[in-house]
Amino acid sequence: MAAKRSGRSKRGINERLQPLQEPRSEPPLSRERIVATAVELLDAQGVDGLTMRRLADRLGSGVMSLYWHVDNKEDVFDLALDSVLEYRGPPQIAQDWRGEVVHVLEDWRASMLRHPWSATLLPRRALGPNILGRLELLSKTLSRAGVADADVNIAIWSLWNYVMGATITRASFDLSDDDRAAAQQRLTRLSERYPTIERSRLLLDNDWDGAFRNGLGFLIDGLSPK
């Protein structure tokens, strides 16, 4: 009887020495998960709010664990930026080259407005495969439309500048209706100095999407082969 009690006691000790199997509360760390979490952090706190410590805390991991998957914070910025600029193409084949260009650029602007930090990062980051893919598609479409090779680069940079300028302006120009009305009233009092923009009620115009599309139409008209 004593031997049996000893055996039962030994088995109980062995069982207690086995490591506990904790339920996994988070998926395993991966580059994809790091990038997705970095985008969430950038959306919430902006460029200055992303640190490797904050990123690790959100992921529930140690900072050093991140470096098995990314090189450094600059690498995280590059990967996060490129991930939000992915282009999946129009829902249906564009009927003409103009429609394809418009869709690429409207989608590009919409992507950056969903993630306003991207507009400030893009001019000073390495160009990743998604933005390079957009530029390649635009160049190919313009060439197919008959834009001369010597003019394609001018066309691409003109479109780039238009999208970036329109996006940054929209993201930063955040006035309430009352602010707009007050600004227009001040302009009215100065109408002798600024008669044209007062008459057009420029400061009350908040049709950002319409202005973008119409302005893009003017630009594409200038790019159209004669």
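All values reported here derive from a predicted model rather than from experimental measurement.
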Which heavy atom in L223 sits nearest to a heavy atom in A155, and how many Å separate them? CD2-CB, 3.6 Å
I'd like to know whether W160 forms a side-chain contact (heavy atoms from CB on, under 4.5 Å) with L138, so could you lay out the CA-CA distance, the side-chain angles of the two residues, the decisive distance to 0.1 Å, and finally the verdict. CA-CA 10 Å; W160 171 293; L138 286 171; over 6 Å; no
Does some side-chain heavy atom of D107 sit less than 4.5 Å from a side-chain heavy atom of R88? no
Is T167 close to W108 at the side-chain level, that is, under 4.5 Å between some pair of heavy atoms? no
With a 4.5 Å limit on heavy-atom distance, are the side chains of R180 and L203 in contact? no
Closest heavy-atom contact between D207 and G210? OD1-N, 3.0 Å
Just by distance, do the side chain of S143 and the backbone of K140 share a donor-acceptor pair under 3.5 Å? no
Evaluate M164 against M112 for side-chain contact (heavy atoms from CB on, under 4.5 Å), listing each step before the verdict. CA-CA 9 Å; M164 292 300 299; M112 288 195 293; 3.8 Å; yes
Taking the side chain as C-beta and beyond, is there a heavy-atom pair between L66 and L59 under 4.5 Å? yes
Working to the nearest 0.5 Å, report the span between CD1 of I220 and CG of L159. 6.5 Å
Do M52 and M64 belong to the same hydrophobic cluster, where Ile, Leu, Val, Met, Phe, Trp and Tyr are linked whenever their side-chain heavy atoms lie under 4.5 Å apart, directly or via other members? yes
What do the steps show when you test R170 against D209 for salt bridge (Lys or Arg N to Asp or Glu O under 4.0 Å), and what is the final call? CA-CA 9 Å; R170 176 66 188 96; D209 294 340; 6.0 Å; no
Which heavy atom in G99 sits nearest to a heavy atom in D96, and how many Å separate them? N-OD1, 2.7 Å
Rounded to the nearest 0.5 Å, how far does CG of L127 lie from CG of L132? 5.0 Å
Which atoms form the tightest heavy-atom contact between L29 and S61, and what is the distance? CD2-OG, 4.0 Å
I need the minimum non-hydrogen distance between G49 and R54, along with the two atoms involved. O-NH1, 3.0 Å
Nearest heavy-atom approach of D78 to A126 is OD1-N, 3.7 Å
Is there side-chain contact between L42 and H115, with heavy atoms separated by less than 4.5 Å? no
Is any side-chain heavy atom of L137 less than 4.5 Å from a side-chain heavy atom of E100? yes
Looking at I34, is its backbone amide N or carbonyl O close enough to the side chain of R58 to form a donor-acceptor pair, meaning the two atoms are under 3.5 Å apart? no
Between CG of L50 and CG of D43, what distance do you get to the nearest 0.5 Å? 11.0 Å
Cluster link V70 to W68, ILVMFWY, side chain under 4.5 Å: no
Non-hydrogen side-chain atoms of V47 and F77 separated by less than 4.5 Å: yes
Criterion side-chain contact (heavy atoms from CB on, under 4.5 Å) on V35 and R31, from CA distance to verdict: CA-CA 6 Å; V35 171; R31 172 176 284 198; 4.2 Å; yes
For the hydrophobic clusters of this structure (ILVMFWY residues joined by side-chain heavy atoms under 4.5 Å, transitively), does one cluster hold both V163 and W157? yes
Answer yes or no: are there more than 12 heavy-atom neighbours, outside D149 itself, under 6.0 Å from its atom CG? no
Quick one: does R201's side chain have a donor or acceptor within less than 3.5 Å of a partner on Q184's backbone? no
Establish, from distance only, whether the side-chain atoms of R114 and S111 form a donor-acceptor pair under 3.5 Å. yes
What distance do E136 atom CD and T141 atom OG1 have between them, rounded to the nearest 0.5 Å? 9.0 Å
Residue from L41, L122, D48, V39 passing side chain to side chain contact (heavy atoms under 4.5 Å, CB included) with W117: V39
Check whether NZ of the Lys or CZ of the Arg R109 lies under 6.0 Å from the centre of the six-membered ring of F212 and within 45 degrees of that ring's axis. yes
Among R199, R193, E198, side chain to side chain contact (heavy atoms under 4.5 Å, CB included) partner for L187: E198
In terms of hydrophobic clustering (I, L, V, M, F, W, Y; side-chain heavy atoms under 4.5 Å; direct or indirect links), are L55 and V63 co-clustered? yes
Donor-acceptor pair, T120 side chain versus P116 backbone, under 3.5 Å? no
I would like to know whether W97 and L142 meet side-chain contact (heavy atoms from CB on, under 4.5 Å); could you show each step before the answer? CA-CA 7 Å; W97 70 270; L142 292 170; 3.7 Å; yes
Kindly indicate whether the side chain of V102, heavy atoms from C-beta on, has any atom under 4.5 Å from the side chain of R213. yes
Do L113 and L216 share a hydrophobic cluster, counting only Ile, Leu, Val, Met, Phe, Trp and Tyr and linking them when any side-chain heavy atoms are less than 4.5 Å apart? no
Value for CD (E32) from NE2 (H69), rounded to nearest 0.5 Å, stands at 9.5 Å
Roughly how far apart are N72 CG and Y67 OH, rounded to 0.5 Å? 7.0 Å
